[in-house]
Amino acid sequence: MYASALPLYTINELGFANNIPGIFMGMVALIEIPVMLYSAKLSKRITKTGLLGFAFSCAILFYIGVFFADQVWQFFVLQGVNAIFYGIFAGIGLTILQEQLPSRIGFTSAFYGNAIKVGGHAWYCQYRFNCTVV
């Protein structure tokens with residue numbers, strides 16, 4: 001929802017230039033890849049659950065910030081916070097699940113991917129968006 005709603009919100013509601021949402025998305029991608037790679041190294045010094053807790057704190061900060069932000073510079077700062085959240089979440093989340101069932105790596109990978117899809121679908125249905133089974 002975020003990827004499709006952010007451009008509409010920033011262009012139609014806040015009056016940003018048409019290219020700004022693309023710059024936001026590119027900035028997140030530029031930052032989140034190094035964060036993903038570094039999160040694996042960092043997980044040797046900090047617990048994985050601690051890192052995931054930090055990532056979710058960044059997510060909370062990001063979504064609250066989006067609610068209150070109305071300037072381009074505020075969104076640029078928030079994109080950095082979002083990149084840290086997603087980079088750690090994507091880099092560590094699956095690893096935590098795989099460590100819980102080391103003999104069933106394929107199962108945990110499939111479960112992880114499907115849980116994300118089902119969770120997103122349930123969220124859409126809860127808020128009465130157009131729900132179709134994917």
Side-chain angles (χ1 to χ4, degrees):
M1 170 104 180
Y2 160 76
S4 59
L6 179 74
L8 294 172
Y9 175 66
T10 56
I11 293 169
N12 295 340
E13 302 296 324
L14 298 177
F16 293 175
N18 290 347
N19 65 333
I20 296 295
I23 294 170
F24 291 158
M25 299 295 183
M27 182 180 153
V28 170
L30 179 70
I31 298 171
E32 75 187 19
I33 301 301
V35 170
M36 276 185 215
L37 298 173
Y38 187 66
S39 66
K41 186 176 184 177
L42 197 58
S43 70
K44 293 177 182 169
R45 286 184 277 160
I46 302 171
T47 65
K48 290 177 186 74
T49 52
L51 278 173
L52 208 56
F54 174 72
F56 286 123
S57 298
C58 288
I60 291 167
L61 177 65
F62 170 73
Y63 285 108
I64 289 172
V66 166
F67 183 77
F68 290 105
D70 61 357
Q71 302 292 318
V72 173
W73 71 267
Q74 294 167 335
F75 277 90
F76 273 115
V77 171
L78 289 170
Q79 296 314 304
V81 174
N82 185 35
I84 292 169
F85 152 65
Y86 192 77
I88 294 173
F89 175 74
I92 299 293
L94 180 58
T95 305
I96 290 173
L97 271 180
Q98 289 174 338
E99 286 177 351
Q100 299 302 310
L101 289 171
S103 62
R104 300 187 67 192
I105 298 295
F107 171 78
T108 54
S109 298
F111 179 79
Y112 181 80
N114 289 332
I116 289 172
K117 291 175 187 168
V118 169
H121 185 71
W123 186 87
Y124 284 125
C125 290
Q126 178 183 0
Y127 292 100
R128 303 198 195 306
F129 290 101
N130 183 15
C131 296
T132 57
V133 177
V134 245

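Residues satisfying the side-chain contact (heavy atoms from CB on, under 4.5 Å) test with Ala40, not counting sequence neighbours, are none.
The hydrophobic clustering, which links ILVMFWY residues whose side-chain heavy atoms are closer than 4.5 Å, places Ile88 and Phe56 together. By the criterion of side-chain heavy atoms lying less than 4.5 angstrom apart, applied directly or through intervening Ile, Leu, Val, Met, Phe, Trp or Tyr residues, Val28 is not grouped with Ile64; the two fall into different hydrophobic clusters. Transitive grouping of hydrophobic side chains (ILVMFWY, heavy atoms separated by less than 4.5 Å) keeps Phe67 and Leu61 in distinct clusters. Follow the hydrophobic side-chain contacts under 4.5 Å out from Val35 and you reach Ile46 in the same cluster. Cluster annotation: Val77 and Phe62 are assigned to distinct hydrophobic clusters (Ile/Leu/Val/Met/Phe/Trp/Tyr, side-chain heavy-atom contacts under 4.5 Å, transitive).
In this structure, Ile92 CD1 and Leu97 CG are separated by 12.0 Å, a value rounded to the nearest 0.5 Å. Rounded to the nearest 0.5 Å, atoms CG (Leu94) and CZ (Phe89) are 10.0 Å apart. The distance from atom OG1 of Thr47 to atom CD1 of Ile96, rounded to the nearest 0.5 Å, is 8.0 Å. Atom CG in Leu14 sits 9.5 Å away from atom CD in Gln74 (nearest 0.5 Å).
In this structure, Phe107 and Phe111 have parallel ring planes: the angle between them is below the 30° cut-off, well short of the 60° mark. The aromatic rings of Phe76 and Phe24 lie perpendicular to each other, with more than 60° between the two planes, well past the 30° mark.
Residues Met36 and Ala90 come closest through the heavy atom pair CE-CB, 3.8 Å. Between Ile11 and Asn18 the shortest heavy-atom distance is CG2-OD1, 3.4 Å. The two residues Gln98 and Ser109 come nearest to each other via the heavy atoms NE2-OG, 3.0 Å. The two residues Met25 and Pro7 make their nearest non-hydrogen contact at CE-CD, 4.3 Å. Between Cys58 and Val81, the closest heavy-atom pair is O-CG1, 3.2 Å. For the residue pair Phe85 and Ala55, the shortest heavy atom distance occurs at CD1-O, 3.2 Å.
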Intermediate values then yes/no, side-chain contact (heavy atoms from CB on, under 4.5 Å), Phe75 and Ile20: CA-CA 10 Å; Phe75 277 90; Ile20 296 295; over 6 Å; no
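Side chains of Leu42 and Leu51 form a contact here, defined as non-hydrogen atoms less than 4.5 Å apart.
The backbone N or O of Leu78 sits nowhere less than 3.5 Å from a side-chain atom of Asn82 that would complete a donor-acceptor pair.
The number of heavy atoms from other shown groups lying within 6.0 Å of OH (Tyr86) does not exceed 12. By the neighbour-count criterion of 12 heavy atoms within 6.0 Å, atom CZ of Phe54 is sparsely surrounded, having that number or fewer from other residues, nucleotides or ligands.
Residue pairs meeting the side-chain hydrogen bond (donor to acceptor under 3.5 Å, both in side chains) criterion with at least one partner in residues 31-46, sequence neighbours excluded, are Tyr38-Arg45. Within the structure, the salt bridge (Lys or Arg N to Asp or Glu O under 4.0 Å) test picks out the following pairs touching residues 48-64 (sequence neighbours left out): Lys48-Glu99.
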